[in-house]
Asks: 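Let me give you the structure first, and then I'll get to my questions.
Everything quoted here is computed from the prediction, not taken from an experiment.
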Amino acid sequence: MNPVVVTSAGKVRGAGRDGISCFRGIPFAAPPEGPLRFRPPTAPVAWEGVRDALAFGAAPPQLAPAPGAPAMWRPGDGLDCLTVNVWTPDPGAVGLPVMVWIYGGLWKHGAASMPHYDAGRLAGSGVVVVTFNYRVGFEGFGHLPGVPDNRGLHDQIAALRWVRDNIGAFGGDSGNVTVFGQSAGAASAALLMAAPAARGLFRRAIAQSIPAGVRTRAEAETITATIARAAGVPATWDGLAGLPPEALLAVQDTPLRTREDGFSAFGPVIDGDLVTGQPWAALDTGAGRDVDLVCGFTHEEYRGQGPAPAARVDLELVTEAVGLGKEAAPAYRRAHPGLTDTDLFTVVLSDALVRMPTTRVARAHARAGGRTWLYDFTWQGPTLGAAHGIDVPFVFGNATSRFAARFLGSPPPADFADLSGHLRAAWASFAATGDPGWPRFTLEQPTTRVWDLPPTDTVYPLEASRQIWEGDASA
């Protein structure tokens, strides 16, 4: 069966398999090329007749995420990347809950076409699932004078507007949309909760592993100047828009030679509009409190993100490097008397990169009166433990992708299907009803879901770390 659906720009033909209809590569914005390069997204061009929606659109320009990894984008792919994909259990239905995925990738990698984001199994839980591309790297987050910042976030908002205007034709309820994402996608979800331009476009959010990391205007200007100097062009729209994407990609990591974080030169830029500060700062003012929020972290967030610690670790230097000061090292030792400094290295970096930023988001949203749920994904994979990203295969139910094998091995552990079923049911329940199946997180009762087998609930498990980072128990 090849269902046909009418969208605002024209008819599209999808494909059916195993009871799920899938539509791929539907434009939600015009190609950001020529005069539209480095500009906010504009409406797609309408088409006549029926457009086949059987193949993913091109990924946004990017380098391969790691040596040996398959390239998601090649120079011949161009810039026509702003497309959505829809999985629906019934295109003829009315009012199904909708889940819209935002991928992560250090703000410089990622594409909805990555196999681990295939949403067929998740849609089988009774939800309409949408995935989409947004611009990454300099194309999406590079600063240019006279051009709006955060084009990647503007792309996300344009995709959500497409969902609002079109998802009813796929069986979904435009008034019951849940945004969900991981890592940079989780930070995006938190930022969009507070952004006036996204208000009313979604009702709920699931933020898996929220990192810190926004850029001030001055930092973004310095990054652009460094990239332009490396490319031999002026740090202007004319100068950089004259470069083909592959030439820009060749130099966009140049700023990392002078930055201390070592992961990405890019991130949301504080523009006073979409981004006013770190994700938790705007939520603390009450912005976004009408959006229900599930957020959480994997228990060993640093694993899978950076190199293994050296055999001999100077914990004082580690705590100083993450901004805590040397005096935090003894506090970590007291909080974890059974761990070596090498083990504590992973604890400190996991806190710094994700666990404390996510905690701050949860507390800010709860403090402002928002309905909040928190989780800690502790299930131990056979290769990297409870590492950053291990939850993604469980959410989508995809255990055999190259991405999943990195965490699960091959074949995956026998208990994968059981825990994946629990997690998908919780996410789908939250999208449908606003209840993920465990008690809410409040400042007075900070209940936290522990994702392991069997799933359990406990008091917030990182209180010692939180007090070290906040300086006192009441912060």
Asks: Which atom pair, heavy atoms only, marks the closest approach of Pro436 to Val294?
Replies: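 It is CG-CG2, 4.1 Å.
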Asks: Using the test salt bridge (charged side-chain N to carboxylate O under 4.0 Å, His left out), find all partners of Asp284 that sit at least two apart in sequence or belong to another chain.
Replies: Arg367
Asks: Can you confirm whether the side chains of Tyr103 and Thr131 place a donor and an acceptor under 3.5 Å from each other?
Replies: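 Distance-only check fails for Tyr103 and Thr131.
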Asks: Using atom types as modelled and distance alone, determine if a side-chain donor or acceptor of Asp351 lies under 3.5 Å from a backbone N or O of Ser465.
Replies: no
Asks: Side chains of residues 70-79: which donor-acceptor partners sit under 3.5 Å, not counting sequence neighbours?
Replies:
{"from": "Trp73", "atom 1": "NE1", "to": "Gly78", "atom 2": "O", "distance (Å)": "2.8"}
{"from": "Asp77", "atom 1": "OD2", "to": "Arg74", "atom 2": "N", "distance (Å)": "2.8"}

Asks: Can the ring centres of Phe38 and Phe138 be said to be less than 6.0 Å apart?
Replies: yes
Asks: Could you tell me whether the side chain of Ser209 and the main chain of Ser183 form a donor-acceptor pair under 3.5 Å?
Replies: no
Asks: Checking Asp80 now: which residues fulfil side-chain hydrogen bond (donor to acceptor under 3.5 Å, both in side chains) with it, not counting sequence neighbours?
Replies: none
Asks: Could you tell me if Thr222 and Glu219 have a donor-acceptor pair between their side chains, going purely by distance under 3.5 Å?
Replies: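 No, no side-chain donor-acceptor contact under 3.5 Å.
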Asks: Would you say the side-chain atoms of Ser264 pair up with the backbone N or O of Leu106, donor to acceptor, closer than 3.5 Å?
Replies: yes
Asks: Taking the six-membered ring for Trp, are the ring centroids of Phe394 and Phe377 within less than 6.0 Å of each other?
Replies: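 Yes, they do, as the ring centres are separated by less than 6.0 Å.
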Asks: Quick check, are the ring centers of Trp373 and Phe441 under 6.0 angstrom apart?
Replies: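 Centroid separation for Trp373 and Phe441: 6.0 Å or greater.
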Asks: One pair to check against side chain to side chain contact (heavy atoms under 4.5 Å, CB included): Ile223 and Arg215. What are the steps and the verdict?
Replies: CA-CA 10 Å; Ile223 288 168; Arg215 304 287 183 253; 3.9 Å; yes
Asks: Counting distance only, does the side-chain N/O of Thr319 pair as donor-acceptor with the main-chain N or O of Leu324 below 3.5 Å?
Replies: no
Asks: Testing Phe132, Phe396, Trp87 for ring-ring contact (aromatic ring centres under 6.0 Å, His included) with Trp101, which one passes?
Replies: Phe396
Asks: Determine whether a donor-acceptor pair (N or O, by modelled atom type, separation under 3.5 Å) exists between the side chain of Thr254 and the backbone of Thr226.
Replies: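 No: the side chain of Thr254 does not pair with the backbone of Thr226.
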Asks: Does the pair Lys108/Asp253 count as a salt bridge with the N-to-O cut at 4.0 Å?
Replies: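 Answer for the salt bridge query: yes.
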Asks: Test your reading of the model: is there a side-chain donor-acceptor pair from Thr372 to the backbone of Gly370, 3.5 Å cut-off?
Replies: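 Yes: the side chain of Thr372 pairs with the backbone of Gly370.
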Asks: Counting N and O atoms only, with roles assigned by atom type, does the side chain of Asn176 sit under 3.5 Å from a partner on the main chain of Pro97, one being a donor and the other an acceptor?
Replies: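 No, because the side chain of Asn176 does not come within donor-acceptor range (under 3.5 Å) of the backbone of Pro97.
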Asks: Under a 3.5 Å distance rule, please check whether Gln305 uses its side chain to pair with a backbone N or O of Glu301 as donor and acceptor.
Replies: yes
Asks: What is the minimum heavy-atom distance between Asn85 and Gly25, and which atoms define it?
Replies: OD1-N, 2.9 Å
Asks: Using a 3.5 Å cut-off and no angle test, enumerate the donor-acceptor pairs between side-chain atoms of residues 229-240 and protein atoms at least two apart in sequence or in another chain.
Replies:
{"from": "Thr236", "atom 1": "OG1", "to": "Gly239", "atom 2": "N", "distance (Å)": "3.0"}
{"from": "Trp237", "atom 1": "NE1", "to": "Arg37", "atom 2": "O", "distance (Å)": "2.7"}

Asks: For Asp376 and Thr448, test the side chains for any donor-to-acceptor distance below 3.5 angstrom and give the result as yes or no.
Replies: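 Short answer, no.
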Asks: Is Arg39 reaching over with its side chain to a backbone N or O of Val147, donor-acceptor style, under 3.5 angstrom?
Replies: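 It does not hold such a pair.
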Asks: Would you say Thr298 and Asp391 are linked by a side-chain donor-acceptor pair, where the criterion is simply a distance under 3.5 Å?
Replies: no
Asks: Suppose the criterion is side chain to side chain donor-acceptor pair (under 3.5 Å): which pairs have a residue in residues 155-164, not counting sequence neighbours?
Replies: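 Non-adjacent pairs meeting side chain to side chain donor-acceptor pair (under 3.5 Å): Arg135-Asp155, Gln156-Ser188.
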Asks: Any cation-pi pair here, Arg449 with Tyr375, using under 6.0 Å and within 45°?
Replies: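 Pair Arg449/Tyr375 does not count as cation-pi.
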Asks: If you compare all heavy atoms of Ala158 against all heavy atoms of Pro41, which two are closest, and at what distance to 0.1 Å?
Replies: CB-CG, 3.7 Å
Asks: Between Thr88 (side chain) and Phe170 (backbone), is there a donor-acceptor pair under 3.5 Å?
Replies: yes
Asks: Check whether the side chains of Asn398 and His116 place a donor and an acceptor atom closer than 3.5 Å, and report yes or no.
Replies: no
Asks: Taking all non-hydrogen atoms of both residues, which atom of His299 and which atom of Arg355 are closest, and how far apart?
Replies: O-NH1, 2.9 Å
Asks: Which donor-acceptor pairs under 3.5 Å do side chains of residues 266-283 form with protein atoms, sequence neighbours excluded?
Replies:
{"from": "Asp271", "atom 1": "OD1", "to": "Asp273", "atom 2": "N", "distance (Å)": "2.8"}
{"from": "Asp271", "atom 1": "OD1", "to": "Leu274", "atom 2": "N", "distance (Å)": "3.0"}
{"from": "Asp271", "atom 1": "OD1", "to": "Val275", "atom 2": "N", "distance (Å)": "2.8"}
{"from": "Asp271", "atom 1": "OD2", "to": "Asn150", "atom 2": "ND2", "distance (Å)": "2.9"}
{"from": "Gln278", "atom 1": "OE1", "to": "Gly213", "atom 2": "N", "distance (Å)": "3.3"}

Asks: Listed by chain and number, what are the side-chain hydrogen bond (donor to acceptor under 3.5 Å, both in side chains) partners of Thr342, not counting sequence neighbours?
Replies: none
Asks: With sequence neighbours left out, write down each residue that passes side-chain hydrogen bond (donor to acceptor under 3.5 Å, both in side chains) with Asp314, or none if nothing qualifies.
Replies: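 With neighbours one apart ignored, the set is empty.
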Asks: Tell me every residue that passes side-chain hydrogen bond (donor to acceptor under 3.5 Å, both in side chains) with Ser21, counting only those two or more places apart in sequence or in another chain.
Replies: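 Testing Ser21 for side-chain hydrogen bond (donor to acceptor under 3.5 Å, both in side chains), a comparison that skips the adjacent residues, returns none.
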Asks: How close do Phe345 and Leu315 get, counting heavy atoms only, and between which atoms?
Replies: N-CD1, 4.2 Å
Asks: Given the rule in the side chain to side chain contact (heavy atoms under 4.5 Å, CB included) test, do Leu349 and Val318 qualify, once you have shown the distances and angles that lead to the verdict?
Replies: CA-CA 8 Å; Leu349 269 293; Val318 173; 3.6 Å; yes
Asks: Please report the shortest heavy-atom distance between Tyr134 and Gly152, naming the atom on each side.
Replies: CB-O, 3.7 Å
Asks: Could you walk me through whether Leu374 and Tyr460 pass side chain to side chain contact (heavy atoms under 4.5 Å, CB included), step by step?
Replies: CA-CA 8 Å; Leu374 185 67; Tyr460 174 67; 3.6 Å; yes
Asks: Does anything in residues 415-432 pair up under side chain to side chain donor-acceptor pair (under 3.5 Å), and if so which pairs, sequence neighbours excluded?
Replies: Gln208-Trp427, Trp379-Asp415, Asp418-His422, Ser420-Arg424
Asks: Tell me the salt bridge (Lys or Arg N to Asp or Glu O under 4.0 Å) pairs involving residues 186-202, sequence neighbours left out?
Replies: Arg199-Asp290
Asks: Show me the donor-acceptor pairs within less than 3.5 Å that the side chains of residues 58-67 make with the rest of the protein, sequence neighbours left out.
Replies:
{"from": "Gln62", "atom 1": "OE1", "to": "Gly110", "atom 2": "N", "distance (Å)": "2.8"}
{"from": "Gln62", "atom 1": "NE2", "to": "Pro60", "atom 2": "O", "distance (Å)": "3.0"}
{"from": "Gln62", "atom 1": "NE2", "to": "Gly110", "atom 2": "O", "distance (Å)": "2.8"}

